[in-house]
K.L.:
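Dropping the structure in here first, questions after.
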Amino acid sequence: MSTVPSFWSPRIAALEPYVPGEQPRIAKLVKLNTNENPFGPSPQVFDAIEWAASEGLERYPDPESVALREAIAARQGLHCSQVFAGNGSDEVLAHAFFAFFQQAEPLLIPDITYSFYRVYAQLYGIACELLPVDEGLRIDIPAMAARAAAGCAGVVIANPNAPTGIGLPLDAIERLLAACRQRVVLVDEAYVDFGGESALPLIDRHPNLLVVQTLSKSRSLAGLRVGFACGQAHLIEALQRVKNSFNSYPLDRLASAGAIAALEDEAWFAHTRHEVMDIREGLTLQLEDLDFEVLPSQANFLFVRHPAHDAAALAAALRARAVLVRHFDRPRIAQYLRISIGTRDQCSALVDALADILG
């Protein structure tokens, strides 16, 4: 047995790290497992990155990412002081957990949601209380609001939720904000641009609301790692304090330049997001024709199960045909597959492979 773990901090030895989606190198792979955008970023992104790379790389980037934050603020109708930028939304979420949820009471999260939340909580020693989603795998807002009103460290939800893709209306978010006035309600909107309803318009009315978004999905910048949070200035200040106690330069010059260019190309953004949503609706119908149960999605993926076939076996059979989807071997969702929305050709290949397997 290795002696290396004896050098670890006790909490590290107990950690169960997040397992990211597989990134294999398989010839002619139909990759529908990590919710990447199949259409690529705006062409303007490449020009901006080339320009940024031509000079200034010998100097540190702006530690406050002011130009990027101003671009985000301008698009969202906010002030720069209401925007925090980080190295992907995962880093932003990590800073938020550290800044707001180390409290005496437990943090409230749904039992089925983005699994990284529980990893952050374990990393920082934050007690978590998992509130069951309902039989339709929807977040139980009345139960969560009632529990929050009794006292908690805060509330974290993904909207639309992951891995289900099910979205919440704004009145549900406001109900949580009203029930949890003394703590932060964090709304993770990684997939909101594919049909969800953003809570950003609520920021000025709610000092306890923090909204986190990413440019990885709808802006096709998963490879650049750019995320941001929006909230009232006192929340952003707390995130800045954590960031500057951890890494003063989280975003490099190339990432900032590419992100700003992506935000400026509204036409490309509108075209690609609508294309993803259109393909999603068509794929839903095709899967239903194969007798799959498909949950209603406002994200760039579908969460599906087949009444007569084991999900893990389906995932393995698809992989043997060079089609990759995501299977989560967890309670309540072990019979579901999460299928990212690809191009029309990729989705056709998926449907053909499933028809072959089921037939």
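When reading the values below, keep in mind they use all heavy atoms of this one structure, side chains included, and skip hydrogens, waters and symmetry mates.
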K.L.:
Answer with yes or no whether the hydrophobic clustering places Leu337 together with Ile357; edges join I, L, V, M, F, W, Y residues whose side-chain heavy atoms lie under 4.5 Å apart.
P.N.:
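Yes, same cluster.
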K.L.:
Indicate yes or no for a side-chain donor-acceptor contact from Arg253 to the backbone of Ala53 under 3.5 Å, with no hydrogens or angles considered.
P.N.:
no
K.L.:
Which heavy atom of Ala261 sits nearest to which heavy atom of Gln44, and what is that distance?
P.N.:
CB-O, 3.7 Å
K.L.:
Is any side-chain heavy atom of Thr164 closer than 4.5 Å to a side-chain heavy atom of Pro296?
P.N.:
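Result no, sub-4.5 Å side-chain heavy-atom pair not found.
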K.L.:
Holding to side chain to side chain contact (heavy atoms under 4.5 Å, CB included), I want the full list of residues that pass it with Arg75, two or more places apart in sequence or in another chain.
P.N.:
Arg219, Leu263, Glu266, Phe269
K.L.:
Output yes when a side-chain donor or acceptor of His79 lies under 3.5 Å from a complementary backbone atom of Ala73, and no otherwise.
P.N.:
no
K.L.:
Heavy atoms, side chains only, cut-off 4.5 Å: are Ser198 and Gln76 in contact?
P.N.:
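The answer is no, as the side chains (C-beta and beyond) never meet within the 4.5 Å cut-off.
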K.L.:
Answer yes or no: are there more than 12 heavy-atom neighbours, outside Arg118 itself, under 6.0 Å from its atom CZ?
P.N.:
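Count not over threshold, so no.
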K.L.:
Under 4.5 Å between any side-chain heavy atoms of Leu251 and Pro61, yes or no?
P.N.:
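Not in contact.
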K.L.:
Under a single-linkage definition using a 4.5 Å side-chain heavy-atom cutoff for Ile, Leu, Val, Met, Phe, Trp and Tyr, are Leu137 and Val304 assigned to the same hydrophobic cluster?
P.N.:
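Leu137 does not cluster with Val304.
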K.L.:
Tell me whether Arg181 at atom CZ has more than 12 heavy atoms from other residues, nucleotides or ligands lying less than 6.0 Å away.
P.N.:
no
K.L.:
Give a yes or no on whether the backbone of Ala299 and the side-chain of Arg280 come within a donor-acceptor separation of less than 3.5 Å.
P.N.:
yes
K.L.:
Donor-acceptor pair, distance only, cut-off 3.5 Å: does the side chain of Arg321 make one with the backbone of Asp356?
P.N.:
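Judged by distance alone, no pair lies under 3.5 Å.
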K.L.:
With the side chain counted from C-beta on, respond yes when Gln335 and Asp310 share a heavy-atom pair under 4.5 Å apart, and no when they do not.
P.N.:
yes
K.L.:
Determine, step by step, whether Lys217 and Asn37 satisfy the side chain to side chain contact (heavy atoms under 4.5 Å, CB included) criterion, reporting the C-alpha distance in whole Å, the side-chain angles of both residues, the deciding distance to 0.1 Å, and the verdict.
P.N.:
CA-CA 6 Å; Lys217 314 300 184 183; Asn37 193 314; over 6 Å; no
K.L.:
Does the side chain of Lys31 come under 3.5 Å of the side chain of Thr34 through a donor N or O and an acceptor N or O?
P.N.:
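There is such a pair between these side chains.
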K.L.:
Take Glu64 and Lys243, measure what salt bridge (charged side-chain N to carboxylate O under 4.0 Å, His left out) needs, and give me the verdict at the end.
P.N.:
CA-CA 10 Å; Glu64 303 305 323; Lys243 185 266 290 184; 3.8 Å; yes
K.L.:
When the aromatic ring centroids of Tyr114 and Tyr117 are compared, is their separation below 6.0 Å?
P.N.:
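Between Tyr117 and Tyr114, which both carry aromatic rings, the centre distance is below 6.0 Å.
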K.L.:
Please say whether more than 12 non-hydrogen atoms of neighbouring residues, nucleotides or ligands are located less than 6.0 Å from CZ in Arg205.
P.N.:
yes
K.L.:
Should Thr113 and Val156 count as side-chain neighbours, where that means a heavy-atom distance under 4.5 Å?
P.N.:
no
K.L.:
Say whether, by atom type as modelled, one donor and one acceptor occur between the side chain of Asn33 and the main chain of Arg326 under 3.5 angstrom.
P.N.:
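No.
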K.L.:
Would you say Gln213 and Asp193 are linked by a side-chain donor-acceptor pair, where the criterion is simply a distance under 3.5 Å?
P.N.:
no
K.L.:
Sequence neighbours excluded, which residues qualify as ring-ring contact (aromatic ring centres under 6.0 Å, His included) partners of Phe101?
P.N.:
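By the ring-ring contact (aromatic ring centres under 6.0 Å, His included) rule, Phe101 matches Phe97.
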K.L.:
Do the rings of Tyr18 and Phe116 sit parallel, tilted or perpendicular, given the 30° and 60° boundaries?
P.N.:
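Rings of Tyr18 and Phe116: parallel, under 30°.
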K.L.:
Do the side chain of Asn208 and the main chain of Cys180 share a donor and acceptor less than 3.5 angstrom apart?
P.N.:
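A pair under 3.5 Å: yes.
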K.L.:
Check for a donor-acceptor pair, side chain of Gln122 on one end and backbone N or O of Glu16 on the other, with a separation under 3.5 Å.
P.N.:
yes
K.L.:
Would you say CZ of Phe246 has more than 12 non-hydrogen atoms from neighbouring residues, nucleotides or ligands within 6.0 angstrom?
P.N.:
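No, because the 6.0 Å sphere around CZ of Phe246 holds 12 heavy atoms or fewer from other groups.
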K.L.:
Side chain of His234, backbone of Pro207: donor and acceptor closer than 3.5 Å?
P.N.:
yes
K.L.:
So which atom in Ala349 and which in Val30 form the shortest heavy-atom distance, rounded to 0.1 Å?
P.N.:
CB-CG2, 4.0 Å
K.L.:
Please confirm whether the backbone N or O of Tyr249 pairs with a side-chain atom of Asn247, one donor and one acceptor, at under 3.5 Å?
P.N.:
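It does hold such a pair.
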K.L.:
Measuring from Leu123:CG to Phe98:CZ, what's the distance to the nearest 0.5 Å?
P.N.:
9.0 Å
K.L.:
Looking only at side-chain N and O atoms, does Gln23 offer a donor or acceptor that is under 3.5 Å from a partner on Glu36?
P.N.:
yes
K.L.:
Could you check whether any side-chain heavy atom of Val83 comes within less than 4.5 Å of a side-chain heavy atom of Cys230, counting everything from C-beta outward?
P.N.:
yes
K.L.:
Are any of the side-chain heavy atoms of Leu254 and Leu57 separated by less than 4.5 Å?
P.N.:
yes
K.L.:
Can any side-chain N or O of Ser65 pair as donor or acceptor with the backbone N or O of Arg69 at less than 3.5 Å?
P.N.:
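Looks like no, no N/O pair under 3.5 Å.
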K.L.:
With a 4.5 Å cut-off on side-chain heavy atoms, are Gln286 and Leu290 touching?
P.N.:
no
K.L.:
So Arg344 and Asp278, salt bridge (charged side-chain N to carboxylate O under 4.0 Å, His left out) or not? Walk me through it.
P.N.:
CA-CA 10 Å; Arg344 295 182 191 276; Asp278 187 58; 2.7 Å; yes
K.L.:
I need the Leu176 CG to His206 NE2 distance, nearest 0.5 Å.
P.N.:
11.0 Å
